[in-house]
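See below for the structure under consideration.
Bear in mind that the values here come from a model prediction, so they are computed numbers and not experimental data.
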There are 2 protein chains.
Amino acid sequence: MSDEILALERFLPYRLNRLADAVSRDFSRIYKERFGLTRPEWRVLAALGELGTMTATEVGRHSSQHKTKVSRAVAALEKRRWLARTADESDRRVERLTLTKAGQDAYREMVPLAKAFEKELLAELSAAERAALAAGLDALEQASLDRSNQFD
Amino acid sequence: MSDEILALERFLPYRLNRLADAVSRDFSRIYKERFGLTRPEWRVLAALGELGTMTATEVGRHSSQHKTKVSRAVAALEKRRWLARTADESDRRVERLTLTKAGQDAYREMVPLAKAFEKELLAELSAAERAALAAGLDALEQASLDRSNQFD
DNA sequence: AATCGACGGTTACGGATGCAACCAATTTTG
DNA sequence: CAAAATTGGTTGCATCCGTAACCGTCGATT
């Protein structure tokens, strides 16, 4: 294991990025081409669809997105009338975000497509490979995510 | 496994992106803060350092980067005098890219840092978890990368 | 050798993004 | 209770990025 040369194609940060890019590129066809959403918008939709009414900060935490991304995505979804803001009575800085009927409909339409996408991708792995992937990602998430406080 | 709700935090494309972002964010401190490189520039450096003289197209393939990214990164590294272009005798469209002495020095300085980074990250996993991660990534790469022709 | 399509690489342009600065509301501190 | 520090959220700015259009060169076809 010399320290002279780095095999880029085996280097973990590189591999993760390349894989994430490739998978996301594929998956983005669902929310981008078919629904005209950006990735931040898709994530906000997914967060609100999953957990219901939340504040922008909570959406950011649940979807691992910087607050500026959330702010812009929320504005875009609001313009599309897929979500609505309501003032919080007890704290006037906060806005409570909720999907509208149209937003919920879109979410319900996309969830099966997302699940099918994931299923098809994983179907190309053996059961043992899927188990290894799950275990490996869990472990790496635990090691990586908590030690790097990503969002301010 | 209802099709009503998607658990975003368990969704593969999301997990991969979040993980790649977190790990890259950490690692970028090495090439960004300490050497003032962008990620595309780091990758070009890594490709040339690993494999020696190459064309821009080959660099792009080896580092999984779009040709415009490569073009800009090469221009930046050239300006910094970390790489030099030489005309290819037999094909005047092509430029042969090589690291200069300064570029090689920088590469040799960064490789141990990169390896140490990866080692420390993986040190937080057990041996079994590392094995699972390796197997899982290998399998997913095989499933994903060849079926999505990412670059033109 | 003239034409046409492919290829290596660059660039203009529009859109996305992160950082920092900012505003307003709230909480903490003295 | 006034001042200061913190928080939720937005926006200006500079940068980055991908798409498409482009330029010059090469190879094949004729």
Side-chain angles (χ1 to χ4, degrees), chain A residues 17-18 20-22 24-26 28-29 31-33 36-44 47 53-79 83-97 148-152, chain B residues 17-18 20-22 24-26 28-29 31-33 36-44 47 53-79 83-97 148-152:
Chain A
N17 262 296
R18 189 174 44 144
D21 276 0
S24 283
R25 210 179 182 73
D26 266 8
S28 74
R29 290 218 307 270
Y31 59 74
K32 192 165 293 181
E33 293 181 9
L37 293 178
T38 65
R39 187 166 64 195
E41 287 159 23
W42 148 248
R43 285 198 188 174
V44 169
T53 300
M54 300 165 74
T55 71
T57 300
E58 289 165 345
V59 167
R61 177 164 30 246
H62 189 66
S63 62
S64 297
Q65 299 192 107
H66 193 271
K67 61 182 181 174
T68 61
K69 265 190 191 169
V70 173
S71 175
R72 285 158 179 150
V74 165
L77 290 175
E78 185 187 28
K79 194 166 163 186
L83 74 75
R85 318 187 196 219
T86 25
D88 184 302
E89 300 302 328
S90 61
D91 185 341
R92 271 179 298 180
R93 292 171 303 181
V94 172
E95 38 193 31
R96 320 191 73 240
L97 306 171
S148 72
N149 259 359
Q150 325 175 59
F151 296 108
D152 306 357
Chain B
N17 261 295
R18 188 174 45 144
D21 276 0
S24 283
R25 211 178 180 75
D26 266 6
S28 75
R29 290 216 306 268
Y31 59 74
K32 192 164 293 181
E33 293 181 9
L37 294 178
T38 65
R39 188 166 64 195
E41 288 160 21
W42 148 249
R43 284 198 188 175
V44 169
T53 300
M54 301 165 74
T55 70
T57 301
E58 290 165 343
V59 168
R61 178 164 30 247
H62 188 67
S63 62
S64 298
Q65 298 193 107
H66 193 270
K67 61 182 182 174
T68 62
K69 264 190 193 170
V70 174
S71 175
R72 287 159 178 149
V74 165
L77 290 175
E78 185 187 28
K79 194 166 164 188
L83 74 75
R85 318 187 197 219
T86 26
D88 184 302
E89 300 300 329
S90 60
D91 185 343
R92 271 180 297 178
R93 292 170 303 182
V94 172
E95 36 193 33
R96 320 192 72 240
L97 306 172
S148 73
N149 259 359
Q150 325 175 59
F151 297 108
D152 307 354

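Here B:Thr86 pairs with nothing under the side-chain hydrogen bond (donor to acceptor under 3.5 Å, both in side chains) rule; sequence neighbours left out. Listed by chain and residue number, A:Glu78, A:Glu95 satisfy the salt bridge (Lys or Arg N to Asp or Glu O under 4.0 Å) test with A:Arg85 (two or more places apart in sequence, or in another chain). For the salt bridge (Lys or Arg N to Asp or Glu O under 4.0 Å) test, no residue two or more places apart in sequence or in another chain qualifies with A:Arg92. Applying the side-chain hydrogen bond (donor to acceptor under 3.5 Å, both in side chains) rule to A:Ser28 yields no partners; only residues at least two apart in sequence or on another chain are considered.
Residues A:Pro40 and A:Arg72 form no side-chain contact, since every pair of their non-hydrogen atoms from C-beta on lies 4.5 Å or further apart. Put simply, the side chain of B:Glu58 does not reach to within 4.5 Å of the side chain of B:Leu97, judged on heavy atoms.
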**Request:** Summarise protein proximity over nucleotides 9-15 of chain C in one line of letters, 5' to 3': B for base, S for sugar-phosphate only, - for none, counting protein heavy atoms closer than 4.0 Å.
**Result:** BBBBB--

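Taking atom NZ of residue B:Lys32 and atom C1' of nucleotide C:dT17, one finds them 11 Å apart after rounding to whole Å. D:dA28 atom P lies 12 Å from atom CG of B:Asp91, rounded to whole Å. A:Gln65 places its CD atom 8 Å from the P atom of C:dT17, with the value rounded to the nearest Å. Atom P of nucleotide D:dT10 and atom CD of A:Glu78 are separated by 9 Å, given to the nearest angstrom.
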Distances for protein N/O vs nucleotides 1-3 of chain D N/O pairs under 3.5 angstrom?
none

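The side chain of A:Lys69 places no N or O atom within less than 4.0 Å of a non-bridging phosphate oxygen (OP1 or OP2) of C:dA16. In this structure, A:Arg92 does not reach the C:dA24 phosphate: none of its side-chain N or O atoms is under 4.0 Å from OP1 or OP2.
You'll find that the side chain of B:His66 is closest to D:dG18, out of D:dG18, C:dA25, D:dC26.
The two atoms that bring B:Ala47 and B:Val59 nearest to each other are CB-CG1, 4.2 Å, heavy atoms only. Residue A:Trp42 comes nearest to A:Leu37 through the heavy atom pair CA-CD1, 4.1 Å, listed as atom of the first residue, atom of the second, then distance.
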